[in-house]
2 protein chains.
Amino acid sequence: MVARTSFETRPCPIARSLDEVGEWWSILLLRDAFQGLTRFDQFQKSLDIAPNILTRRLNSLVERGLFEKRAYCERPLRHEYVLTAKGRDFRPVLLTLLAWGNRHLAPEGPSLVVVDTADGRWADPVLVDKETGRQLDSGGFALATGPRASDRMRQRYRFSSEGPGLPLVENGGQEEVRSR
Amino acid sequence: MVARTSFETRPCPIARSLDEVGEWWSILLLRDAFQGLTRFDQFQKSLDIAPNILTRRLNSLVERGLFEKRAYCERPLRHEYVLTAKGRDFRPVLLTLLAWGNRHLAPEGPSLVVVDTADGRWADPVLVDKETGRQLDSGGFALATGPRASDRMRQRYRFSSEGPGLPLVENGGQEEVRSR
DNA sequence: CATAGTGACTTGCATTATGCAACTAACTCG
DNA sequence: CGAGTTAGTTGCATAATGCAAGTCACTATG
């Protein structure tokens, strides 16, 4: 069996996210849903995607809870695909992809920007800690394994935290083990 | 010719980002590089990935400028794969994927968290405008096409901005056209 | 010396994923 | 009725991914 490897059974949240949206086309479908597209033909025209692939992707996103399938017409039965709360929570990922793409992949200048609607300024998206407002890349932050990390994961990261605000445990050096 | 559709020629920064890192395994390789892995066997063990795929992915990431291939040994010639500045700039995408995954895909609790190393608190990553500190999901921000957007893109977004701070132009309603 | 082990791949083959193009069904409209 | 639209389905071909074995260039050990 050589199906594409599933990351679902891994504890890493990044791997699990990719298991849900990592297939070719999925993230672009989410992008288009954020633009207000809901119908099969809208997505198809926007992306120039094969209908069999589009069907499969839409169904997958519905199954995984990012889209909700709603009837907008009964005769014939017609559905639209609407973002769920889970799907809407994906927006920061899209915005960071957008910022990265603008910075590194748009030598001719940006084609899509985040703007402040009041004064037309272009926003520069950065990640901060919600409570303190401190930038996550400013030093003082690190990744740490949480309470449900696997042993192998614990060996992979320098810090371990058993709960918010609890003292960090510092692990030994990094060993080359599998991230399961 | 039925090669996987390339998004490279599209102006959308999200699509272009996906063209660079959207292949299966690529983002997880970046994750592992952020954890300090650099060598072929480290990546292979961590991900349990086939060596032919790993070779191809590493070479692709090198070609696209996210990794740099450095010799760490001459006899035999051995290389390590090190994040470039472009690769390091991908970190916010990883962190937003992590946050989304923790929120929606970790019913058993988090296995990986961002922590404040000073007091062990768990950070809650949010996206803000760098200059004002305002959250991008708080209202008052929108996506707008930039100076290098295609005409079709302009029809797809409500706002258009020809430069930072310039007045926003409001487009007509959304038409279902192709995002090219 | 020969052998075993390690690391970085390469190769051949099999299954799955993606894409193309034609088709189908259920409608509406002239 | 035929044409057009929408939401798919189907059959087939090529690309992508994965498995497993192999190769090469070393080092270490007996």
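Keep in mind the model is a prediction, meaning the values are calculated, not measured. Note on naming: letters A, B, ... go to the chains in the order of the sequence lines (proteins, then strands), and numbering restarts at 1 for each one.
Proximity note for B/Y72 (side chain, C-beta onward) versus D/dC19, D/dT17, C/dG7: the nearest is C/dG7. With D/dT6, C/dT18, C/dC9 as the choices, the nucleotide that has an atom nearest any side-chain atom of B/F40 turns out to be C/dC9. Of all nucleotides listed (D/dT17, D/dA7, C/dA8), C/dA8 comes nearest to the side chain of B/R78. Side-chain atoms of B/R39 lie closest to C/dA8 of the nucleotides D/dC19, C/dA8, D/dT17. In this structure, the nucleotide among C/dC20, C/dC27, D/dT17 sitting nearest to the side chain of A/A50 is C/dC20. When the nucleotides D/dA16, D/dG8, D/dA25 are ranked by their closest atom to the side chain of B/P76, D/dA25 comes out on top. Closest approach to the A/R57 side chain among D/dA16, C/dA17, C/dC9 is made by C/dA17 (side chain taken as heavy atoms from C-beta onward). Among the nucleotides D/dT6, D/dG18, C/dT18, the one closest to any side-chain atom of A/D41 is D/dT6. Listed candidates were D/dT17, D/dT9, D/dC19. Nearest to the side chain of B/N52 is D/dC19.
For the pair A/R75 and D/dA7, the criterion of a side-chain N or O lying under 4.0 Å from OP1 or OP2 is not met.
Linking ILVMFWY side-chain heavy atoms closer than 4.5 Å, directly or via other members, places A/L58 and A/V82 in two distinct hydrophobic clusters.
Atom P of nucleotide D/dG18 and atom CD of B/Q44 are separated by 12 Å, given to the nearest angstrom. Atom pair B/L54:CG and C/dT11:P shows a separation of 16 Å (rounding to whole Å applied). Taking atom CZ of residue B/F7 and atom P of nucleotide C/dT18, one finds them 10 Å apart after rounding to whole Å.
If you find the closest nucleotide of DNA chain D to A/H79 and to A/S6, the one lying nearer the 5' end belongs to A/H79. Comparing A/L77 and A/W24 by the nucleotide of DNA chain C whose heavy atom lies nearest to each, the residue mapping closer to the 5' end is A/W24. Nearest-nucleotide mapping onto DNA chain C: of B/Y81 and A/P51, the residue sitting toward the 5' end is B/Y81.
In summary, of the residues considered (A/L29, A/D89, A/L83, A/L61), a side chain to side chain contact (heavy atoms under 4.5 Å, CB included) with A/L66 occurs for A/L61 alone.
Checked for salt-bridge contact, B/E108 and A/R148 miss the test: no charged N lies under 4.0 Å from a carboxylate O. A salt bridge links A/R154 with A/E162: the closest approach of a Lys/Arg side-chain nitrogen to an acidic carboxylate oxygen falls below 4.0 angstrom.
Taking a 6.0 Å sphere around CZ of A/R103, one finds it holds 12 or fewer heavy atoms contributed by other residues, nucleotides or ligands.
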